[in-house]
There are 2 protein chains.
Amino acid sequence: MAETKIPKATAKRLPIYYRYLNILHDSDKNRVSSTELSEAVKVDSATIRRDFSYFGALGKRGYGYDVDSLLKFFKKILNQDKLTNAALIGVGNLGNALLNFNFHQNSNVRISAAFDVRPDLANTVQSGVPIYPMAELRKQLEDQQIKIVILTVPESVAQNVTDDAVAGGVQGILNFTPLRISVPSNVRVQNVDLTNELQTLIYFLDHYNEED
Amino acid sequence: MAETKIPKATAKRLPIYYRYLNILHDSDKNRVSSTELSEAVKVDSATIRRDFSYFGALGKRGYGYDVDSLLKFFKKILNQDKLTNAALIGVGNLGNALLNFNFHQNSNVRISAAFDVRPDLANTVQSGVPIYPMAELRKQLEDQQIKIVILTVPESVAQNVTDDAVAGGVQGILNFTPLRISVPSNVRVQNVDLTNELQTLIYFLDHYNEED
DNA sequence: GCCGATTTGTGAAATAATTTTCAATAATAA
DNA sequence: TTATTATTGAAAATTATTTCACAAATCGGC
């Protein structure tokens, strides 16, 4: 089901490339070199060429890459040619911000359902997204065939909620809680830990003066 | 200024360890093995031992690690024994959520100043944090000696604001915009790109069925 | 004090990711 | 047409990170 396993490091860069290709496209550029891309996305040009080459020969020597065909290619690869529905669990502080954030503007991901324990939120609509009571989590995920959830619940309930979501058939979790949740091996977790990021930043500042 | 250069990959895991050590400490455990830690933080135990070993022999063979002394050690390393002030630039959707988020609960980072272009926000206090007009950015950063900023402005102004912040002496930037900002080599940028994370997750789901 | 069970710390091996280098090719200028 | 310049793709070299596997140290019970 894949183009012979792309390195993880490469996979993580694909959305970055995709995004910049869109910008080029919108400004009517029709060719781009790895050097030029490198400037914009802050990735070494050799790394970019290497990344691209995993997918075959996408460019032309002496010319560069054709923006439109590269864009079309990555759109396909990243599944951005169809809409992906995601659910948001936990409409608190951060959850609310993400509801407003509207991923849809930049990508073909849409939060199509949200869940919260608070009774006053259940069965309302926030930022155009229907909020369901937590008790319906599993059922709604199943019914709506949602494969991706964004987890913005308090840490204390994160594992329970995760188990429910997994039971509902979820395959990918964007985990905003600091808890390292446990999931079966066929479920993928992407952690976004804000406190962590800040602490790492501070560590680097204190211990890696100048450069990397 | 460092303990002979810790690998970057290790540095990124330090806050994860630190966090779990706090949990152990709070539940009055006084020893922990790399295997036990491994379960909780989802990092291979050999990797944990290797990570720790960069700082010297922190454990005891046949025993494990002493929670309190390890905690004390990491607290020092991560600068969590002093309060670090940060500024938040852009009090919009996400910015507001982060103001409420209160990093201080889990770490010794505090947002002590925020900035926004909107005149009705300037000179108010939101979630206990004073909001300054954008024009004062450089001056306030200098006066308050703030070295870390959280960037939650629209992409279109991200580079300009960054340049201002750098002029104000900032050394670390937690960048929530999708733009890969340009900074001098002595300034460190940590990118948190939510759309990216979601797209990467989708890519993994579609192309890496079962396991990594 | 001795013995068996644990568990670290670390060389060495394996794996992953980046960077260098350069031949091949395309575009452009002369 | 031909020479010059730009640029990719890929092999090789390098660097970074993880994992294996085991000797050495420590603990706890007897």
Side-chain angles (χ1 to χ4, degrees), chain A residues 2-14 16-17 21 24 29-71 73-74 180 185 200 203-204 207-208 211-212, chain B residues 2-14 16-17 21 24 29-70 73-74 180 200 203-204 207-208 211-212:
Chain A
E3 31 291 304
T4 55
K5 257 344 161 16
I6 304 310
K8 271 211 271 199
T10 296
K12 287 191 189 159
R13 284 187 291 262
L14 298 181
I16 307 177
Y17 301 144
L21 286 171
L24 289 177
K29 278 206 93 203
N30 46 23
R31 59 184 275 196
V32 65
S33 70
S34 57
T35 318
E36 194 182 344
L37 260 171
S38 174
E39 290 270 305
V41 301
K42 309 275 190 276
V43 173
D44 187 87
S45 67
T47 302
I48 293 179
R49 292 202 299 278
R50 164 63 110 200
D51 283 349
F52 286 6
S53 76
Y54 288 114
F55 300 97
L58 303 179
K60 273 197 234 157
R61 289 163 195 248
Y63 175 87
Y65 300 88
D66 181 73
V67 172
D68 277 18
S69 49
L70 207 51
L71 183 61
F73 186 79
F74 280 120
R180 269 21 199 189
S185 74
T200 302
Y203 180 83
F204 280 134
H207 299 272
Y208 291 61
E211 273 311 287
D212 285 311
Chain B
E3 30 290 302
T4 55
K5 259 338 161 22
I6 304 310
K8 270 211 272 197
T10 296
K12 287 192 189 158
R13 283 187 293 264
L14 299 181
I16 307 177
Y17 301 143
L21 287 171
L24 289 176
K29 279 205 94 205
N30 45 25
R31 58 183 276 193
V32 65
S33 70
S34 57
T35 318
E36 194 182 344
L37 260 172
S38 173
E39 290 269 304
V41 301
K42 311 274 190 276
V43 173
D44 186 87
S45 68
T47 302
I48 293 179
R49 291 202 298 282
R50 171 77 70 200
D51 283 349
F52 287 6
S53 78
Y54 289 116
F55 298 98
L58 303 179
K60 272 197 237 162
R61 289 161 197 249
Y63 175 87
Y65 300 89
D66 181 72
V67 172
D68 277 19
S69 49
L70 206 51
F73 185 80
F74 280 121
R180 268 22 198 189
T200 302
Y203 179 82
F204 280 135
H207 300 271
Y208 290 60
E211 274 309 287
D212 284 311

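From a predicted model like this one, the values you see are computed outputs, not experimental measurements. Chain identifiers are assigned alphabetically (A, B, ...) following the order of the sequence lines, protein sequences preceding nucleic acid strands; residue numbering begins at 1 within each chain. Hydrogens, waters and symmetry mates are skipped; everything else that's a heavy atom, side chains included, is used.
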Do the side chain of B:Ser38 and the main chain of B:Val43 share a donor and acceptor less than 3.5 angstrom apart? yes
Take atom [atom1] of [X] and atom [atom2] of [N], then tell me their distance rounded to the nearest Å.
X	N	atom1	atom2	result
A:Ile6	C:dT15	CD1	C1'	17 Å
A:Lys5	C:dT15	NZ	P	15 Å
B:Asp66	C:dT8	CG	C1'	14 Å
A:Ile48	D:dA10	CD1	P	17 Å
A:Asp51	D:dG9	CG	C1'	13 Å
B:Lys8	C:dA17	NZ	P	14 Å
A:Arg49	C:dT21	CZ	P	13 Å

For [N], does OP1 or OP2 lie under 4.0 Å from any side-chain N or O of [X]?
X	N	result
B:Lys60	D:dC27	yes
B:Thr47	D:dT19	yes
B:Tyr65	D:dT26	no

Position toward the 5' end of DNA chain C (nearest nucleotide), A:Pro7 or B:Gly59: B:Gly59
Any donor-acceptor pair, under 3.5 Å, between the side chain of B:Arg50 and the base of D:dT17, if you only look at N and O atoms? no
Check: B:Arg61 side chain, D:dT26 base, donor-acceptor under 3.5 Å: no
Report which part of the nucleic acid [X] touches: base, sugar-phosphate, or nothing (heavy-atom distance under 4.0 Å, all strands).
X	result
A:Ala57	sugar-phosphate
A:Phe52	nothing
B:Ser34	sugar-phosphate

Of the listed nucleotides [options], the one nearest the side chain of [X]:
X	options	value
B:Arg31	C:dT18, C:dT19, D:dG28	D:dG28
B:Arg13	D:dT18, D:dT17, D:dT8	D:dT18
A:Tyr63	D:dC20, C:dA26, D:dC27	C:dA26

Taking the basic N atoms (NZ, or NE/NH1/NH2) and the acidic carboxylate oxygens, is any pair closer than 4.0 Å for B:Lys29 and B:Glu36? yes
In this structure, which one of A:Ile6, A:Asp51, A:Val41 forms a side-chain contact (heavy atoms from CB on, under 4.5 Å) with A:Arg13? A:Asp51
Under 6.0 Å between the ring centres of B:Tyr203 and A:Phe74? no
B:Asp44 or A:Leu58: which one's nearest nucleotide on DNA chain D is closer to the 5' end? A:Leu58
B:Tyr65 six-ring face occupied by B:Arg31 cation (under 6.0 Å, within 45°): no
